[in-house]
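Note sheet for the following structure.
Side chains included, hydrogens not; waters and symmetry mates left out as well; all remaining heavy atoms used.
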Amino acid sequence: MKAGLTSKILLLAFASTISACSGNTTDRKLLDEVKFFTSTALSVKMTATQWQADTLPDQFARRAITAANIELAGSAGRAASRVMELEVDPRDLLSDMTAAMTGAAAISQAVEKKNRAELKSAIDALDRATAKLRAAGDL
Amino acid sequence: MSKILQIALGIVTSVGGFLEAGSLATAVQAGAGFRYQLIWAIVLGTICLIFLVEMAGRFAAISKHTIIDGVRERFGFSFFVVPLVAISMLNLLVLAAELGGVCIALQLLTGWPIQLWALPVTLLAWLMLWKGTFKIVENGVAILGLVTLCFVVAAIILSPPWGEVLKGTVPTLPDHDALKYWYLAVAILGASISPYLFFFYSSGAIEDKWNESYLAVNRFVAVFGMSFGGGIAVGALIVAAIVFLPRGITEIQTYDQIALMLTPVFGKAGFYLFAASLGIACFGAALELGLSQAYMIAQGFGWQWGEDLPPRADPGFSLSYSLFIVAAGLLILLGLDPLALTIFAMALTALILPVAVVPFMLLMNDRSYLGDHINGWAGNIAVALIIGLSFLLAVVSVPLQIMGQ
């Protein structure tokens, strides 16, 4: 019975893996990139809100948000290069990514300046952009 | 020391020493990406580890051999070279990941870059092995490692839907990201069943001069220590599922993200608890890995070995862990990403497991070593099935994941 279960799991694993890899590679890679981008942007938001609630040290919040902004820029660049290979119009996607990057950069500046009022509007901007990205990537 | 005290100490050190970079990182990625759906992989890995650790202790107590001694003696040196090379390469990656974990913890606390910490951390780990005794390595750091219980406490405070958690113990198919799901399952299995753990355990049993009277202690420690330890990994997965997933953070790519997981529960103390847990757990694992590698080389080549001996009495053994730790420290100094390295090393572990486990299983069924204490059918079947499953999943998912990158 155990052997039967094992072979069933293996067969299903093979099948789902092959099916996962058989789709349009560019589409899939773009969606993966959007997912990574959105996740990173939302990590910036979480770091900022936790810092705002005084549950994170300043040095960590500053460094983590700066590092995440660099990741976001890299990810947006990779997404743009994938978009070039697509036949569909991805302008909305790129514009949402740009809006999220602007929001994340504004968060970074607000944390640097310890300006909590500015931080709130930056978080709201990031929220709006990531909500659209999450919907686009079906996240 | 009374047997009850030994059992208690053994369980405490097993629990404290269970979590390390691999089990933490894989559990957090699994929770953030797939909620409770991958708990089964932790459960399966822990069951396999319970069997293997019990076997390693039984083999040492009855045969008075470590696993490596036995493999070399039974199969010859030329056969032994294969697991030696494969496991050494793997241990190097895992050790680098653990030292990297300590550096990350220090970076979290100070803000100074990881590379800046690589050298002091490497030096401290080496110094602990050079000057320390087996008891310090085995008990000292592991008892400090009890701080990792904070993940269990956090999980309980967050009060997850226990019915769903229970459902996660049964393997199911993913409804998204199939490749990532299976790759993570393999990495979790690799993190739970790291060969260094049971090699270290069998050498430790010889260092502690175990005999047949220790079989009950061994069984209790293996079952309860590893089960509670697995519970910590499940705790980390649950916290990640509750903290990250609802916030849309499904892709965990850095320790900066993971460092946020306890703050919603414990506030600022959660940040420091996380850093302490990561640092202590990884440092303990790094010491065990350094020793485990030195045991493997010294026992394989028939050199004098023992952590309690002064370095001049076992120069080959001491040189082995010294060079090994320096090499792993260099990998971090060169700027390898500790989290990516951790996940990759764990998945690779699953691929290499049969090389380590199959000869050991043959030994465990050899009456010339174990007399009447050879394996029963349950242990043989459970280990064979889990190792076989891990290997086959790794064969499929590791190359696909690498190609996907």
* State the OG1-CZ distance between A/T49 and B/R247, to the nearest 0.5 angstrom. => 6.5 Å
* Contact origin within A/F60 toward chain B - heavy atom pairs under 4.5 Å -> side chain
* Structure fact -> Heavy atoms of B/P264 and A/M46 approach each other most closely as CG-CE, 3.9 Å
* Please state whether the side chain, the backbone, both or neither of B/T110 comes within less than 4.5 Å of a heavy atom of chain A. => backbone
* Quick one: CD1 on B/I249 to OG1 on A/T40, what's the gap to the nearest 0.5 Å? -> 9.0 Å
* Structure fact -> Nearest heavy-atom contact between B/E251 and A/K35 is OE2-CD, 3.6 Å
* Asked: Do you know which two heavy atoms are closest between B/Q257 and A/S43, and how far apart they sit?
  -> NE2-OG, 2.8 Å
* From B/Q107 atom CD to A/Q59 atom CD, the distance as rounded to the nearest 0.5 Å -> 8.5 Å
* Evaluate side chain to side chain contact (heavy atoms under 4.5 Å, CB included) for A/L56 paired with B/L260, printing each intermediate quantity in order. => CA-CA 8 Å; A/L56 290 174; B/L260 303 172; 3.6 Å; yes
* To do: Please assess A/R63 against B/D256 for the test side chain to side chain contact (heavy atoms under 4.5 Å, CB included), listing each intermediate value before the final yes or no.
  => CA-CA 9 Å; A/R63 190 188 51 73; B/D256 282 349; 3.0 Å; yes
* Select one option (side chain, backbone, both, neither) describing which atoms of B/F244 are under 4.5 Å from chain A's heavy atoms. => side chain
* To do: Go through B/G248, B/A259, B/A32, B/A185 and name the one with the most non-hydrogen pairs under 4.5 angstrom from chain A.
  => B/G248
* To do: Enter the distance from B/D177:CG to A/L31:CG here, rounded to the nearest 0.5 Å.
  => 9.5 Å
* To do: Counting only heavy atoms closer than 4.5 Å, note whether A/T47 contacts chain B via side chain, backbone, both or neither.
  => both
* **B/Y272 portion near chain A, given a 4.5 angstrom heavy-atom threshold** => side chain
